[in-house]
*Asks:* 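Pasting a structure below so you can have a look.
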Amino acid sequence: MNAHSMAVAGAPVTHKGEVLLSVESISLRFGGVKAITDVSFDIRKGEVRAIIGPNGAGKTSMLNCINGFYHPQEGRITYKGVRRDKMRPHRAAAAGIARTFQNVALFKGMSTLDNIMTGRTLKMRKGFFWQALRHGPAMNEEIEHRKVVEDIIDFLQIQHIRKLPVGKLPYGLQKRVELGRALAMEPELLLLDEPMAGMNLEEKEDMCRFILDVNNQFGTTIALIEHDMGVVMDLSDRVVVLEYGRKIADGTPAEVKADQRVIDAYLGVAH
Amino acid sequence: MFYREAGQYKTNYAADMAVFPLRQDRIGIAVILAIAFIGIPLLGNDFFIASVMIPFLVFSLAAIGLNILTGYTGLISLGTAAFMGVGAYSCYKLTTFFPGVNIIVLILVSGLFSAAIGVLFGLPSLRIKGFYLAVATLAAQFFLQWAFVRIPWLFNYNASGAIEVPQRTLFGLPITGASATPETRYFVCLGLVVVLTWFASNIVHGKLGRSWMAVRDMDIAAELMGIKLLNAKLTAFAVSSYFAGVAGAMMIFLWYGGGEANDVFTIRLSFTILFMVIIGGLGSLIGSFFGAAFLSALPTALKFGLPALGVPIGGAAAEHVTFMLVGALIIIFLIVEPHGLARLWQIGKQKLRTWPFPY
Ligand SMILES: Nc1ncnc2c1ncn2[C@@H]1O[C@H](COP(=O)(O)OP(=O)(O)O)[C@@H](O)[C@H]1O
Ligand SMILES: [Mg+2]
């Protein structure tokens, strides 16, 4: 069974709710470089939304705008009805947006366990003095969150690397740990930047399954950048296509696949 | 999400999350504490306790402080000695104003002043990193060192220009000043170091420690976990400077005992502490002890040990040899083993665990 047929078997829930995030005519420039030009699209609650396009199309920049690393010079971003295009990343985290990076951004010197535990930071409330004592309420809190983290570790099947520093893990496992760290935040909106890049087929299948499970079981809304068209077609409910920073298509996988501009710009070229 | 019935794990996790999950490690700690609290006072002579053990404890605490900043949070500082000085002078002023308050309490409180100054000089760390931050902390070093000499109010206008440590007692026993015995001062130092190390260990294993390491390893991802970079860096400066401040107060009140304490909080001391952290192991509490033991004992060992072995070496020559050895070791450790002696210790333990069958 390959990744695609498996993805179809676990077809995502079809009823999609109201708009969770909307991007309205945003433009982002770096000096003379136009990374994004006048792009609008939205993400609905519970859906898997793919963002595709050739390299340099502005996909990563789009995620960076959504979680506040970049602030677009023009346009607006509305999340859960609140305008937030000038929000800082840690505010985005507090608002329920989690993310993985194209080039894994794990905490290299820390163990898998500690990496995923950092995902619980915002949910931990005990203050400095309790932490310094590490007894009573502080210890109970650590244990409580450790349990959640262990469940994530079970879910992602990474029990065996629990105590290992992540810096020395193979790439595929690092990507998995990074997903775990994002899941530990119990996000409402999960942004995945090429979660399957550089993986072998088996790892891709696993990752596909994890993404679908997260979407199905927990109703997490997912925005996904991916190059493997098969994966995109099977995983996502709707696809937005970028080219040279502009949106050239937006619709269901079938619609996008049939779009002549998309075929010319993206699907036609080998990569 | 991810909540399942997992109550039965509780005891397991609690045990697993203990700072020393291995029983051998816990026994090891108990043995070390027994040696420190019973063995050394019984067997060590005054010279050993006053010139080897007390300096070692003071340096260990300072090294832990710097390790929190540099090893755990990835922020380099060349101002450790200055922050130690803030602790020492604060303690002096406090005990002048509140002679009735126990000196141990005042030593602990003086760290708070150092923490505040540390936060102040840590503010630039939000914008600058690495080399530039090192230069900014160097500015702290020079400014504060200047203040210690030029603001006579800090040393109560003493003619010596230095702190003159008054006699203070605990349960009627003098613990500071000329009549305090090395043993008493040692016990006070040891108590403070043990308690504060325990706090440090708890903190680095908890949420705050993880936030520091996250900032150190990948600050953009840390921000995405909801960690505020400014908060994480400033708490690191605060906690680090607190430890340095307490170490500084201990240095003057429990080790030097005044008199010769003029101008000790120099850039050279800052570098010595930094070297302790590098040789001991960045991001390791036990490494801080290794580094402090190594660097504080090395000069004494060379000066007194070599002649005892029949190798004639003068005080000055011993000092030069120390410099060369330390320099070489720093380079070796930075290139070969950035995690320092602590890492070698771990490897050794790992070997021991699997010995005699390595596979
Ligand atoms: N921080 C930055 N500084 C300058 N240019 C950038 C920066 N980030 C992205 N860009 C530019 O923006 C364009 C889009 O990049 P990116 O969003 O990474 O594309 P994609 O993820 O679709 O491959 C590229 O031309 C890239 O060089
Ligand atoms: Mg990209």
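Numbers restart at 1 for each chain; the letters A, B, ... are given by sequence-line order, proteins then strands.
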*Asks:* Quick one: of Arg99(A), Gln217(A), Glu178(A), who has the most non-hydrogen atom pairs under 4.5 Å with chain B?
*Replies:* Arg99(A)
*Asks:* Atom CG of Asp217(B) and atom CG of Asn115(A): how far apart are they, to the nearest 0.5 Å?
*Replies:* 8.0 Å
*Asks:* Please classify the contact of Ala92(A) with chain B as side chain, backbone, both or neither, using a heavy-atom distance under 4.5 Å.
*Replies:* neither
*Asks:* A side-chain contact here means heavy atoms from C-beta on lying under 4.5 Å apart; do Leu133(A) and Trp198(B) qualify?
*Replies:*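 Side-chain contact under 4.5 Å: yes.
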*Asks:* Heavy atoms, side chains only, cut-off 4.5 Å: are Phe101(A) and Leu224(B) in contact?
*Replies:*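 A side-chain contact exists here, since the closest heavy-atom pair is under 4.5 Å.
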*Asks:* Identify which part of Ala200(B) has an atom lying under 4.5 Å from any heavy atom of chain A, answering side chain, backbone, both or neither.
*Replies:*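 Neither part; nothing is under 4.5 Å.
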*Asks:* Given side chains that start at C-beta, do those of Leu106(A) and Met218(B) come closer than 4.5 Å, heavy atoms only?
*Replies:* no
*Asks:* Which region of Val239(B), side chain (C-beta onward) or backbone (N, CA, C, O), has a non-hydrogen atom less than 4.5 Å from a non-hydrogen atom of chain A, or is it both or neither?
*Replies:*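 Contact with chain A is through the side chain of Val239(B) alone.
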*Asks:* Can you tell me which of Gly206(B), Ser211(B), Ala214(B) forms the most heavy-atom pairs within a distance under 4.5 Å of chain A?
*Replies:* Ala214(B)
*Asks:* For atom NZ of Lys129(B), decide whether the heavy atoms of other residues, nucleotides or ligands shown that lie under 6.0 angstrom number more than 12.
*Replies:*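 No - once you tally the heavy atoms of other residues, nucleotides and ligands closer than 6.0 Å, there are 12 at most.
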*Asks:* Look only at the side chain of Arg181(A) and the backbone of Ala221(B), and say whether a donor-acceptor pair between them is shorter than 3.5 Å.
*Replies:*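 Here the side-chain-to-backbone pair does not exist.
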*Asks:* Can you tell me which of Lys126(A), Arg91(A), Arg146(A), Glu141(A) forms the most heavy-atom pairs within a distance under 4.5 Å of chain B?
*Replies:* Arg146(A)
*Asks:* Closest approach of Asn202(B) and Gln131(A), non-hydrogen atoms and distance?
*Replies:* CB-O, 3.4 Å
*Asks:* Would one find more than 12 heavy atoms of other residues, nucleotides or ligands at under 6.0 Å from atom CZ of Phe30(A)?
*Replies:*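 Check passes, neighbour count above 12.
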*Asks:* Which pair of heavy atoms, one from Met110(A) and one from Arg210(B), lies closest together, and at what distance?
*Replies:* CE-O, 3.8 Å
*Asks:* In Å and rounded to the nearest 0.5 Å, what is the CD1 to CG distance from Ile220(B) to Asn67(A)?
*Replies:*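 Going from CD1 on Ile220(B) over to CG on Asn67(A), the span is 9.5 Å.
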*Asks:* Locate the shortest heavy-atom distance separating Gly226(B) from Ala93(A); write the atom from each residue and the value.
*Replies:* N-CB, 3.5 Å
*Asks:* Should we say atom NE2 of His135(A) is surrounded by more than 12 heavy atoms from elsewhere, each under 6.0 Å from it?
*Replies:*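 Counting neighbours around NE2 of His135(A), 12 or fewer heavy atoms of other residues, nucleotides or ligands fall under 6.0 Å, so no.
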*Asks:* About how many Å separate CZ of Phe107(A) and CH2 of Trp212(B), when rounded to the nearest 0.5 Å?
*Replies:* 15.5 Å
*Asks:* Non-hydrogen atoms of chain A under 4.5 Å away: do they reach the side chain of His339(B), the backbone, both or neither?
*Replies:* neither
*Asks:* Just verifying a value: how many Å separate Lys207(B) NZ and Leu122(A) CG, rounded to the nearest 0.5 Å?
*Replies:* 8.0 Å
